[in-house]
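Step one of this worksheet: look at the structure below.
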Amino acid sequence: MKLKYKTSKIGLLATFMVLLMLASCKDDFPQALDTSANETVLSSIKIVNAGENGTTVLEGVVDENTKTVSFPRIDPKTDFSKLKFEANLSAGAKLSQESYTVTFEEGQSEKVIVVNVSNSPRYREYLVKLRLKVPVFGADFEKGTTHDFTSNPLGKPIHDAFTGALTRGSGFDGQKVLVVRREAPHLLNVSDLKAGTVNKIPLNMTGVAGGTFSLNMGAQVNGHTYIANLSSNASTNPVKIYHWTDPSVAPQIIANVDLSTIVGAGARHGDNFSASLDDKGDGYFFFGDNAGTKMLRLDVSKYTTVTNPTVFAIPVTGAGSWTSYNRIGNTSEYLFTGHDAPVALVSEGGSASFTMSRTAIPIRSSDARIVNFNSERYLIVTTAARTGAEATNFYVYDITKGATVKDALTNLNSLPTVVPVFQYSLMGPVNTSPASQTGFYVKKDAMGNDESLMLYSAASDAGFVFFEFGKKVALD
């Protein structure tokens with residue numbers, strides 16, 4: 001009886017609701033909301049007081065999908081303390097301000113401000129990009145070509161030599177890529193790689209012998225190929241450096257250094273190798289020891305004369321086994337870093353004049369170099385993938401601001417957030433032997449001016465990639 005009782009009550013309720021609906025007028029039905037009211041759409045916008053006299057009108061381009069506005073470049077003599085806009089808006093809408101104060105910091109040529117369109121109770125924000133009409137410098141990182149032979153699936157297959165941790169070292173000089181695979185080192189023509197062809201040019205191995213590994217690290221400098229062995233602090237296992245200018249000819253042995261005769265030398269050198277030479281082939285070779293405590297420096301003259309082995313303490317402690325020591329142009333300053341040490345500005349004798357914090361850029365940043373191109377200055381690094389949370393990445397940072405390199409690194413270090421102007425992932429597995437390399441080459445035109453910038457990145461088991469960027473060109 002209970003079940004029937006409940007059913008009869010539900011039936012009565014349903015009948016009552018139907019009668020109520022039939023008695024209602026159709027005009028009382030709920031209506032769709034009027035979406036045309038209080039709209040906040042920015043149809044068009046212009047700056048009305050640009051230029052030195054405040055009479056130039058500049059039309060903006062509105063992208064409603066991204067809620068952004070771009071303008072032609074603006075005369076820097078414009079009164080940016082009272083920048084005025086006029087806009088076509090939805091009915092009843094208005095800009096939240098009649099004028100805007102825009103401040104460009106020293107050396108800054110671009111600025112993004114927020115323009116608010118309100119139509120109470122609604123509002124909408126648009127990001128307005130303002131650019132000063134000043135000469136443009138540096139590389140155009142938004143337009144470039146990529147020649148990828150890494151683990152990144154966006155590129156070609158990884159170069160087959162980068163497997164089994166057998167390729168620890170590589171090099172790049174704009175014309176050739178050097179691949180130091182322990183049992184089969186070879187060169188690759190950059191021109192072939194650009195055409196998509198991998199044509200290995202084997203190096204003549206006549207006379208190459210000795211070492212824990214007879215071939216381990218290398219460098220490619222102005223057409224000169226260098227490969228170093230992995231050595232120990234024993235007379236039977238000296239540091240050897242081989243040199244080629246013709247890969248088909250047996251190499252010169254330009255260094256044969258018995259570390260057991262050098263006071264303070266490390267127990268093992270050759271896990272890393274930095275060739276810091278100028279365009280005459282003068283400078284130094286640097287080898288950090290495996291313990292990350294000692295640096296071996298060799299004087300180099302005219303590419304092949306190696307003398308005066310010197311040992312000094314690593315500039316920054318805890319750098320790890322894969323350190324780098326790269327000269328900045330033809331100056332007496334160098335960049336030192338390792339896969340667990342911050343970038344440091346140092347002398348050829350290991351004295352540090354500035355050391356970045358461990359958190360300014362990724363601490364795994366390795367083989368740091370400074371590149372000057374088209375009146376801008378960049379810091380480039382390749383990171384080491386030491387844990388499952390890390391990949392092998394290539395980063396480019398703009399460090400143009402600053403009268404000196406120390407000023408530039410200080411400015412970068414003091415930023416609350418450091419954003420690279422270019423980055424690329426080589427992917428790559430977790431690597432317990434994460435030797436990582438960078439490189440660059442500046443192409444010149446017939447007048448000797450910078451024309452394009454080539455950048456290189458490689459890492460053990462991750463492969464290699466190089467990029468080419470033209471210089472920035474003002475289009476408006």
Side-chain angles (χ1 to χ4, degrees), residues 159-172 177-188 200-221 224-244 247 250-262 265-275 285-298 306 309 311 319-325 338-339 366-367 384 386 428-429 431-437 458-464:
H159 184 53
D160 59 13
F162 284 81
T163 56
L166 293 176
T167 297
R168 306 289 180 90
S170 72
F172 177 81
V177 172
L178 168 65
V179 179
V180 191
R181 187 170 174 90
R182 282 174 175 168
E183 80 283 6
H186 54 272
L187 293 168
L188 301 165
K200 297 179 182 178
I201 305 170
L203 292 167
N204 188 317
M205 291 288 102
T206 302
V208 175
T212 307
F213 293 103
S214 58
L215 306 166
N216 199 56
M217 299 297 292
Q220 186 70 19
V221 184
H224 295 258
T225 301
Y226 300 97
I227 294 182
N229 69 343
L230 183 61
S231 65
S232 66
N233 197 334
S235 59
T236 56
N237 192 11
V239 171
K240 285 188 175 183
I241 303 174
Y242 304 94
H243 170 261
W244 293 259
Q252 296 173 270
I253 301 175
I254 61 173
N256 192 340
V257 182
D258 180 0
L259 294 179
S260 66
T261 65
I262 301 174
R268 167 172 152 168
H269 289 272
D271 287 294
N272 56 77
F273 172 46
S274 296
F285 292 148
F286 295 93
F287 295 87
D289 73 335
N290 182 264
T293 59
K294 303 291 180 63
M295 183 63 64
L296 170 66
R297 187 190 71 201
L298 305 173
V306 180
V311 173
S321 302
W322 291 273
T323 58
S324 61
Y325 215 105
H339 65 261
S366 301
D367 208 22
R386 296 289 282 171
N431 202 323
T432 57
S433 308
S436 307
Q437 291 90 47
S460 176
D461 282 4
F464 72 89

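Bear in mind that the values here come from a model prediction, so they are computed numbers and not experimental data. Excluded from the calculations below are hydrogen atoms, water molecules and symmetry mates; all remaining heavy atoms, backbone and side chain alike, are included.
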So [Y] and [X], do their side chains get closer than 4.5 Å, heavy atoms only?
X    : Y    : result
S436 : D367 : no
T225 : Q220 : yes
H159 : R181 : no
F172 : L178 : no
V179 : F162 : yes
R168 : S433 : yes
S321 : N290 : yes
K240 : S214 : no

Using the side chain to side chain contact (heavy atoms under 4.5 Å, CB included) definition, which of the options N229, I254, V257 pairs with I241?
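Per the side chain to side chain contact (heavy atoms under 4.5 Å, CB included) rule, the option paired with I241 is I254, out of N229, I254, V257.
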
State the [atom1]-[atom2] distance between [X] and [Y], to the nearest 0.5 angstrom.
X    : Y    : atom1 : atom2 : value
T323 : D289 : OG1   : CG    : 8.0 Å
S170 : M217 : OG    : CE    : 7.5 Å
I262 : H269 : CD1   : NE2   : 8.0 Å
T432 : D461 : OG1   : CG    : 9.0 Å
S274 : Y325 : OG    : OH    : 10.0 Å

Measure across [X] and [Y] and return the closest heavy-atom pair with its distance rounded to 0.1 Å.
X    : Y    : answer
N237 : G211 : OD1-CA, 2.8 Å
I201 : P247 : CG2-CG, 3.7 Å
Q437 : A435 : NE2-C, 3.8 Å
G207 : I253 : O-CD1, 4.1 Å
G288 : M295 : N-SD, 3.5 Å
L259 : S232 : CD1-O, 3.9 Å

Counting distance only, does the side-chain N/O of [X] pair as donor-acceptor with the main-chain N or O of [Y] below 3.5 Å?
X    : Y    : result
T206 : A250 : no
W244 : I227 : no
N216 : G270 : yes

Which label fits W322 and H339: parallel for a plane angle under 30°, tilted from 30 to 60°, or perpendicular past 60°?
tilted

All side-chain hydrogen bond (donor to acceptor under 3.5 Å, both in side chains) counterparts of N233, not counting sequence neighbours
none

What verdict does the side-chain contact (heavy atoms from CB on, under 4.5 Å) test give for L203 and Y242, after you've listed the backbone C-alpha separation in whole Å, the side-chain angles of each residue and the deciding distance to 0.1 Å?
CA-CA 11 Å; L203 292 167; Y242 304 94; over 6 Å; no

Ring centres under 6.0 angstrom apart (Y226, F285):
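Yes, the ring of Y226 comes within the 6.0 Å limit of the ring of F285, centre to centre.
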
